[in-house]
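Here is the structure we will look at, set down as structure tokens.
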Amino acid sequence: MIRVRFRRRRAGAADGFTLVELLVVIIVVGVLASLLLPVMGRAKILARQVECAGRVRQWTLAQTLYAVDNDDRISRESFEPNGVSLNTWGEVTHPFARDVWYNALAVQMGVTRAAEYGLRSARPGFYGRARIFHCPQAPFPRQRLEDPSVFFSLAMNSKLIMWPHATVRITQVRSPSVTVAFLEKRLKDDAPAAPGQASDQLGQPSTYANRFAARHRGRDNLAYMDGHFETRRGPEIITNGLAY
């Protein structure tokens with residue numbers, strides 16, 4: 001017969017960890033945290049990059065569908081006919097801007113148009129990380145809500161325009177597989193994507209190759225007119241351009 005002997009706890013002995021055991025647990029937790037936090041940080045950055053890429057592709061798809069419904073003509077890139085404009089809230093909400101991509105394609109996708117954020121009280125919603133107008137990694141200016149200009153972290157390719165007044169028809173794009181439709185636009189607080197990159201006309205709703213943003217560890221999300229998507233390094237984009 002097996003006898004089980006129970007050891008009696010000494011009178012007055014306390015339950016719980018000893019000081020040494022507690023220190024060991026704290027050290028182990030600290031080591032695990034130091035190992036996991038960088039991984040979690042990288043995972044968060046990667047998740048934002050993927051989310052940003054999805055938004056760029058959605059705008060490009062909406063552009064294609066918009067052209068189908070508008071005699072092959074794509075939406076305009078900016079308030080001014082030549083595309084050179086930062087776009088103020090007054091312009092974004094103007095009836096003339098109804099066929100600019102940030103309004104026209106929003107209707108195509110069934111999301112709130114940029115024009116609907118024109119009131120001062122509504123602008124925080126426009127700059128929210130969840131809004132499809134922006135890359136969730138974008139560093140917006142601190143005074144964005146008070147500024148009369150509208151800042152865009154995603155933009156349409158500025159070369160999709162037939163001077164002086166009209167955008168191209170989608171059937172006029174000669175090389176859809178190498179023609180960018182939408183990409184990330186550099187903001188004032190974005191680091192330069194390459195040495196000597198232009199530092200003016202930032203935050204516009206349209207962009208050339210020398211004013212894009214590479215905010216995902218030096219890389220940029222681009223969607224092309226044929227529907228495919230790429231992530232490219234800054235110097236590559238400046239070298240290759242965005243020509244159609």
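For this chain, numbers begin at 1 and follow the sequence in order. Values below: all heavy atoms of this structure, side chains included; hydrogens, waters and symmetry mates excluded.
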inquiry  = Are M156 and F229 connected into the same hydrophobic cluster when the rule is that any two of I, L, V, M, F, W, Y join if their side-chain heavy atoms are below 4.5 Å apart?
reply    = no
query = Nearest heavy-atom pair of T231 and Q49: which atoms, and what distance?
reply = CG2-NE2, 3.4 Å
ask   = Does a side-chain N-to-carboxylate-O contact under 4.0 Å join E51 and R129?
value = no
query = Shared ILVMFWY cluster between V68 and L105, side chains joined below 4.5 angstrom?
reply = no
Ion pair R169/D71, N-O distance below 4.0 Å = yes
task = Using the test salt bridge (Lys or Arg N to Asp or Glu O under 4.0 Å), find all partners of R131 that sit at least two apart in sequence or belong to another chain.
result = none
request  = Tell me who clusters with L61, hydrophobic residues only, linked when side chains sit under 4.5 Å apart either directly or through other members.
outcome  = L65
query = For the hydrophobic clusters of this structure (ILVMFWY residues joined by side-chain heavy atoms under 4.5 Å, transitively), does one cluster hold both V150 and L145?
reply = yes
request  = Show your reasoning for whether side-chain contact (heavy atoms from CB on, under 4.5 Å) applies to Q204 and N87.
outcome  = CA-CA 7 Å; Q204 293 180 337; N87 286 203; over 6 Å; no
query = Side chains of Q108 and D69: donor-acceptor distance under 3.5 Å anywhere?
reply = yes
ask   = So if you build clusters from Ile, Leu, Val, Met, Phe, Trp, Tyr with side-chain heavy-atom gaps below 4.5 Å, do Y127 and Y117 land together?
value = yes
ask   = Do Y66 and V107 belong together in a cluster built from hydrophobic side chains that touch within less than 4.5 Å?
value = no
request  = Inspect the contact between R211 and D200 and indicate whether a charged nitrogen and a carboxylate oxygen are less than 4.0 angstrom apart.
outcome  = yes
Single hit among F151, F133, Y102 for side chain to side chain contact (heavy atoms under 4.5 Å, CB included) with F126 = F133
query = Does R142 CZ have over 12 foreign heavy atoms under 6.0 Å away?
reply = no
CA sep, side-chain torsions, deciding dist, call: S153, E184, side-chain hydrogen bond (donor to acceptor under 3.5 Å, both in side chains) = CA-CA 6 Å; S153 59; E184 297 181 61; over 6 Å; no
